[in-house]
Visitor: 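If you scroll down you'll find the structure; I have some questions about it.
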Amino acid sequence: MRILKMKSDFLKEFLMSLEKFGKLYGPKREKGILTYAPIERFEELVLNGENTIIPLKKLFHPKKFIMFHFDDEGFKPDYSMIEKRVILGAHPCEIHGVLRLDDVFLTDPPDPYYSGLRNSTAIIGFSCMPSESALCKSTGTDIVEEGFDLFFVDLDDFFLVWIGSSLGHDMILEREDFFDDKVTHEDIQRYIDWRENRDTLFKHSFNFPAMPDIIELSYDSEVWDYFAEKCLSCGQCTMVCPTCNCYDVNDVFDITTKTSGRRERIWDSCMFVDYSLVAGGHNFRGTRADRLKLWYTHKLKAFANEYGRPSCVGCGRCVDTCPVDINVLTVSEALTRCEVPKQ
Amino acid sequence: MTKSDKINIKPLARVEGNGGIKVEISDNKITNVEVQILEGPRLFETLVIGKTPEENLSLVPRICAICNLSHKYASLRGLEKALDVEIPEATNIFRHIMHHGEMLESHSLHLYFLALPDFFGYDNAVAMADEHGEVVTKALQLKAFGNKIMRMMGGRMIHGENPILGGFGRIPNRKTLIEIQEEAKELLAFAIDTIDILAELEIASHMERDTQFLCCKPPHDGYDYYGDILITSDGLEHLVEDYSKVIEERVVSHSFAKRSLYKGKPFSVGALARMLLLGDRLKGEAKKAYEKLYNERWHRNPLYNNFAQAIEQIFSLESVIETIDQGLEMEQPEVAKPKRTSGTGTGVVEAPRGTLIHHYEIKDGRTAYADYITPTAMFLDDIEAFILKGGEELLSSGKTDNIELQFEMIARSYDPCISCSAHLVTVEFK
Amino acid sequence: MTAANQVENPFQPEPARIVRQYDLIKDHRFFQIRFTDMERAMSFIYKPGQFAMLSLPGVGEAPFSISSTPSRPGILEMGIRRTGKLTDALFQKKDNDIVYIRGPYGNGFKIEPMVERDIIIVAGGLGVIPLRSILYYVLDNRDQFDELYFLYGSKNPDEFLFRREFFQIKDRDDIDCFYTVDQDSTGNWTESTGFVTELFKQIPDIDPQTTTAVVCGPPVMYKNVIKELLKLKIPKNMIQMTLERRMKCGVGKCGHCALDHIYTCMDGPVFTYWDTLHFRELI
Amino acid sequence: MEVKSEKQIVKPRIGIYGFTGCAGDQLLIIHTEDQILNLFDAVDIKSFVMASSNPTEGELDVAFVEGSISTEEEREHIKEIRDRAQIVVAMGNCAVAGGPQAMFARDGSFAERIKQVYGDVKFITDPVEATPIDEVITVDYYLPGCPISQPQTMALIGRLIHGVEPEDITTPVCLECKLNENKCLLNDKKLCLGPVTMGGCGSACPNYGLPCVGCWGPNKDGNFSELFRLLNSFGIAHEEVMRRIRNYGGHKILKYIEDIKDKER
Ligand SMILES: Cc1cc2nc3c(=O)[nH]c(=O)nc-3n(C[C@H](O)[C@H](O)[C@H](O)COP(=O)(O)OP(=O)(O)OC[C@H]3O[C@@H](n4cnc5c(N)ncnc54)[C@H](O)[C@@H]3O)c2cc1C
Ligand code: SF4
Ligand code: SF4
Ligand code: SF4
């Protein structure tokens with residue numbers, strides 16, 4: 001992978017020049033919150049450590065969209081949402097999040113909607129400083145080695161720019177004059193210092209590597225009941241988590257006597273009561289404890305069995321969002337402290 | 001029709017809410033006219049007791065869906081007086097935009113969809129679409145536009161929570177405001193064309209009689225839909241705080257409905273009342289429309305209320321354009337905070353169908369007493385008087401073929417809102 | 001952008017015609033369905049134990065086991081219980097009406113561990129629908145397998161599915177059929193009464209090391225049947241069972257059927273008893 | 001591809017009725033400008049007096065009923081509608097739960113409140129305390145909300161036109177609220193009823209930064225006691241929460257808050 005240098009002054013011009021590779025998207029403040037949205041002016045772009053409320057996943061696994069239109073002739077897929085895009089300012093945990101979603105949506109058979117959006121979108125990553133609740137140091141997702149086209153590390157007066165794909169390289173070639181391939185020892189030292197400094201800024205940590213075993217051992221722990229009593233089943237944790245991918249499918253008729261309408265996909269949450277209800281009224285996860293257990297098993301253990309790594313990417317959104325303080329940190333701590341026999 | 005008969009129009013169609021008209025005839029003379037309210041009482045005045053202003057503001061729009069924001073607005077004006085909330089001018093600007101949205105929504109619904117089918121001879125507006133497709137489509141656009149403003153300012157089309165004590169939850173952004181302004185400009189042409197459609201109509205005269213008018217007077221020298229002074233067609237002006245002396249509420253023993261009189265006689269409120277009392281303050285296209293349509297019979301014929309509404313549509317569209325210009329100049333307003341927790345206040349606005357009064361007494365942040373007088377409660381007596389007059393005229397001239405429709409048209413012209421009135425009246429079942 | 005169109009859409013429902021349908025019992029109906037495209041009808045290759053997603057436009061989509069056997073290609077058979085919106089609408093369909101199918105999905109029964117072994121098929125109630133596929137598959141390829149025992153129990157004779165068919169195969173000498181009802185409400189039931197577990201008494205001695213069991217039924221039935229199978233000393237990984245979960249996609253994307261790290265739709269619906277010991281939520 | 005075209009279905013006969021309420025739900029149907037012409041085309045509207053004269057009151061496939069039952073006459077009328085309708089849909093909070101006028105449901109204060117407004121007037125027929133329509137007749141489907149939402153209503157009507165059972169929504173307001181990327185108001189210590197309120201409104205109020213007041217009625221899986229506890233921890237008194245949750249909870253909220261009442265005592 002090639003690493004180049006770019007003076008900070010060029011940032012605006014370079015990023016805005018990427019428009020020719022697709023419609024620009026990035027974190028932007030709208031109605032008082034940060035959200036990934038189309039970027040028209042460079043000034044709209046928010047490139048700090050702050051998290052958007054809803055993660056990057058919404059641009060690949062849209063919150064709600066039409067899968068098919070149907071009529072007497074059958075079902076016709078609707079791919080109209082797929083367009084060329086360039087996403088600016090994705091944090092490492094966001095990129096890791098998308099990589100985890102790739103595991104789900106691109107494995108055989110690939111989801112055409114996801115893969116369509118994914119293949120038509122370039123990702124320009126940006127380094128960030130840890131947010132208040134960032135856990136990415138613990139989850140090992142504070143740096144990212146793949147999944148981007150370009151990645152910018154901000155070292156004040158210049159950026160180190162990782163080229164992650166041939167498309168990324170094409171982008172650089174467009175503005176070759178901005179980049180310098182002579183990275184000095186001093187620059188390298190600056191980068192090392194930056195990383196060391198950054199590591200000291202994390203306020204929270206948890207024993208991520210131990211969690212799979214702890215979860216397995218805590219299946220019958222009363223810690224689950226404690227959290228279950230508090231959980232509001234609002235589903236916010238799943239919506240804000242970059243690696244939650246559950247969805248529901250609904251058919252909607254048009255207002256006509258003819259057969260015509262649409263089949264829609266919309267995010268769903270395993271925190272909702274009907275999530276696992278099956279015919280005959282049997283509910284495999286009727287209790288809140290069961291539902292929480294499924295989620296944490298999935299985040300901290302099970303995903304690893306299936307795809308090689310757990311799915312929590314340490315963004316800290318569940319920490320910020322849950323109104324009753326149920327999140328990877330509190331759950332891991334409770335399970336670790338109360339339930340694992342001390343050795 | 002026999003010489004003695006009873007006409008029962010029930011349900012009264014194309015009005016908001018569940019009502020009817022009963023007319024008793026004896027010896028070819030009308031002995032009794034009742035506009036009936038067939039809905040149960042909802043006792044809103046008691047529902048708000050002990051509630052916080054926030055809860056009041058959430059609840060009162062539910063008195064009536066069609067003018068939900070007028071209720072919210074009247075309530076805001078009353079509560080803000082009671083609690084001494086000084087709102088920034090920009091908030092006022094946005095409240096006016098909101099109120100114009102409701103006028104457009106309500107007037108276009110009434111004019112094109114509830115009233116016009118009578119004049120064109122249809123059961124409903126959709127049936128009208130075959131021959132008058134253009135009008136129906138445009139009218140839908142105009143109504144949708146009113147709704148869009150209500151959604152933008154109210155938070156949703158009906159019963160939005162966005163207008164709050166001292167301001168708004170969220171103010172629309174520039175882009176949206178400019179879009180709205182553009183749309184208003186486009187729709188103005190249709191609103192003006194409507195005047196020509198109305199100018200062609202022949203308006204029946206059998207019910208004509210003299211009556212009185214009331215509306216509130218804006219605090220500036222233009223036309224508007226709010227104010228702290230009530231003016232009446234006898235040339236008098238009254239402080240809104242004296243509303244209970246001006247508007248004499250009474251309980252009619254035979255119907256248990258609260259009714260209102262001014263100086264012991266029925267009176268009228270609504271677009272027609274506003275036009276007759278404030279019409280000379282109009283400007284621009286609205287003024288032209290007024291000059292084109294106005295004639296002396298307006299003072300004696302409620303059917304002209306439909307005409308007055310058409311003029312107000314133009315006024316509101318022009319005002320939206322102008323007010324947005326002002327809004328774009330202003331800073332985002334802060335939400336103003338109450339300066340006290342106890343007090344009394346009377347808030348008055350012109351709802352689409354007439355003057356609406358909300359009066360509050362707040363003690364320690366909770367509602368101790370509330371009184372609401374709705375336009376429909378004000379003009380029920382007036383409707384009955386016109387039906388009586390019209391009925392007698394028709395009976396004596398023997399034109400009784402479609403007498404029910406004639407009665408309905410009179411009632412409908414007021415754009416009565418039965419839900420509104422039913423928040424405190426009940427039904428007589430015989 | 002055409003990127004998406006390069007990938008086949010696994011959610012694309014394909015039109016199929018209801019060729020024949022009749023009531024099995026009250027609120028349970030048998031459907032024979034064939035893709036309108038003949039080529040597709042023949043290229044739709046599946047294994048016993050797999051399922052398909054059936055769509056009705058505007059109503060929705062749901063998973064149903066394929067009850068026919070791949071050894072008789074061209075026609076798909078399903079046994080469907082009326083439980084809600086989609087199944088209700090399906091029951092209003094007439095012969096020749098169009099439905100939409102995609103699939104096949106799921107892992108299906110592992111045939112390998114059955115070849116040249118004795119097979120016990122144990123079905124409870126509606127569970128016989130997916131098992132009917134493996135039953136006929138074994139009968140159609142009879143020379144590949146050793147002894148075949150078929151145990152089926154329903155609540156009462158009125159709820160006994162495929163009654164005519166199953167009493168016909170009872171006369172064959174290459175299969176031992178044991179049927180039971182929990183209670184005989186009709187008075188004309190000629191077979192056993194009692195729970196399906198009672199039928200185990202009637203099975204002759206078997207060699208557990210050369211036997212494979214296949215089970216499907218309601219959640220309560222599993223526990224008891226497995227107890228019996230373990231009593232016979234059949235190895236835990238030689239007990240195959242098919243499970244049900246809520247599903248929206250059938251291809252491991254929607255997440256509804258996930259438990260622990262497995263997706264019922266991809267890794268199941270057939271699991272061995274050994275598998276279920278790891279995944280506590282499985283039954 | 002040889003696909004048989006489906007037969008055109010017979011237009012369902014529909015009646016839309018208003019009882020005691022604000023007429024907001026009927027109005028919302030009228031306000032669905034982009035669909036109203038389609039609607040009149042796809043169904044046979046037999047009775048919709050708010051929009052059309054000359055109703056024909058006969059057999060119906062579907063009756064949409066708005067408003068609470070608040071007089072003896074309304075009780076009789078709703079039974080009469082039930083008798084001739086295949087399907088009855090309760091439309092809007094008043095019909096579903098009783099509406100705001102039912103906020104004191106079953107607390108015995110009704111007679112007193114009537115007296116407050118009317119003084120000692122003697123009624124010929126006493127009005128009855130507002131109830132949801134399912135206290136008088138069986139209801140097939142519910143369209144909650146004050147007022148109902150357009151997408152939810154049109155989706156239901158679309159299904160009924162095709163004789164298909166409508167989907168029921170069992171998710172809380174929070175789902176839509178998060179999809180709309182609002183900041184959780186509970187995190188700002190606001191009195192928001194979203195987590196215990198049925199979804200369907202599109203999180204209309206939080207979209208404007210304002211707490212949900214619960215106008216869709218209780219979500220059956222809501223964790224009521226925890227929400228009470230959480231709000232209490234913000235310094236909001238128990239009675240305050242109780243009063244607010246009843247503003248739009250009508251008769252339907254009662255069974256969910258029973259336990260909470262007991263715990264407090
Ligand atoms: C692998 C698999 C194989 C199945 N095979 C058969 C079969 O051969 N015959 C048969 O009759 N049924 C089978 N089912 C169950 C069948 O999918 C449900 O009966 C069907 O989804 C109900 O749809 P509905 O719209 O009629 O019911 P709904 O109106 O949606 O709901 C009725 C009940 O069905 C439940 N339900 C809804 N969707 C699903 C779903 N996707 N999966 C399971 N339960 C659901 C609901 O929670 C509710 O309890 C199978 C299910 C699975 C997962
Ligand atoms: S864990 Fe927290 S965020 Fe998630 S559903 Fe429960 S209360 Fe909501
Ligand atoms: S579990 Fe929490 S910290 Fe981990 S990725 Fe999801 S939201 Fe972020
Ligand atoms: S957010 Fe709550 S109060 Fe507001 S519309 Fe939705 S359900 Fe009603």
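Throughout, protein chains are lettered first and strands after them, A, B, ... in sequence-line order, and every chain is numbered starting at 1.
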Visitor: Do A:Glu30 and A:Thr35 have side-chain atoms, one donor and one acceptor, less than 3.5 Å apart?
Guide: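 Side-chain D/A pair, A:Glu30 to A:Thr35: absent.
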Visitor: Once you measure the plane-to-plane angle for A:Tyr113 and A:Tyr79, does it fall in the parallel (<30°), tilted (30-60°) or perpendicular (>60°) bin?
Guide: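 Plane angle between 30° and 60°, so tilted.
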Visitor: Do you know which of D:Gly209, D:Gly222, D:Cys184 has the most heavy-atom pairs under 4.5 Å to chain A?
Guide: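 That would be D:Cys184.
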Visitor: Taking the six-membered ring of A:Trp267 (Phe, Tyr or Trp), confirm whether the NZ or CZ of D:Lys178 is under 6.0 Å from its centre and within 45° of its axis.
Guide: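 No cation-pi geometry.
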Visitor: Name the member of D:Met154, D:His162, D:Lys11 that forms the most heavy-atom pairs with chain A at distances under 4.5 Å.
Guide: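 The residue among D:Met154, D:His162, D:Lys11 with the greatest pair count is D:His162.
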Visitor: On a heavy-atom basis, which atom in D:Pro172 and which in A:Ser233 lie closest, and how many Å separate them?
Guide: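 Result for this residue pair: CG-O, 3.7 Å.
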Visitor: If you count heavy-atom pairs under 4.5 Å between each of D:Thr170, D:Asn223, D:Val164 and chain A, which one has the most?
Guide: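 Top option by heavy-atom pairs under 4.5 Å: D:Asn223.
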Visitor: Between A:Asp71 and chain D, which part of the residue has a heavy atom less than 4.5 Å away: side chain, backbone, both or neither?
Guide: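 Looking at A:Asp71, nothing touches chain D.
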Visitor: When the ring planes of A:Phe105 and A:Tyr247 are compared, do they come out parallel, tilted or perpendicular, using 30° and 60° as the limits?
Guide: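 Parallel, since the angle between the ring planes stays under 30°.
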Visitor: Quick one: of A:Gly32, A:Gly261, A:Cys231, who has the most non-hydrogen atom pairs under 4.5 Å with chain D?
Guide: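 Among A:Gly32, A:Gly261, A:Cys231, the one with the most close pairs to chain D is A:Cys231.
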Visitor: Counting only heavy atoms closer than 4.5 Å, note whether A:Leu232 contacts chain D via side chain, backbone, both or neither.
Guide: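 When you check distances to chain D, atoms from both the backbone and side chain of A:Leu232 fall under 4.5 Å.
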Visitor: For A:Lys58, is it the side chain, the backbone, both, or neither that has a heavy atom closer than 4.5 Å to a heavy atom of chain D?
Guide: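 Only the side chain of A:Lys58 comes within 4.5 Å of chain D.
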Visitor: Out of A:Ile53, A:Thr52, A:Asp254, A:Leu34, return the one with the most heavy atom pairs under 4.5 angstrom to chain D.
Guide: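 Between A:Ile53, A:Thr52, A:Asp254, A:Leu34, the count favours A:Ile53.
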Visitor: Output, in order, the C-alpha distance, side-chain angles, deciding distance and verdict of salt bridge (charged side-chain N to carboxylate O under 4.0 Å, His left out) for D:Arg244 and D:Glu240.
Guide: CA-CA 6 Å; D:Arg244 299 239 186 177; D:Glu240 177 89 13; 3.0 Å; yes
Visitor: Go through the atoms of A:Ile255 and report whether side chain, backbone, both or neither lie under 4.5 Å from a heavy atom of chain D.
Guide: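 Contact with chain D: backbone and side chain both.
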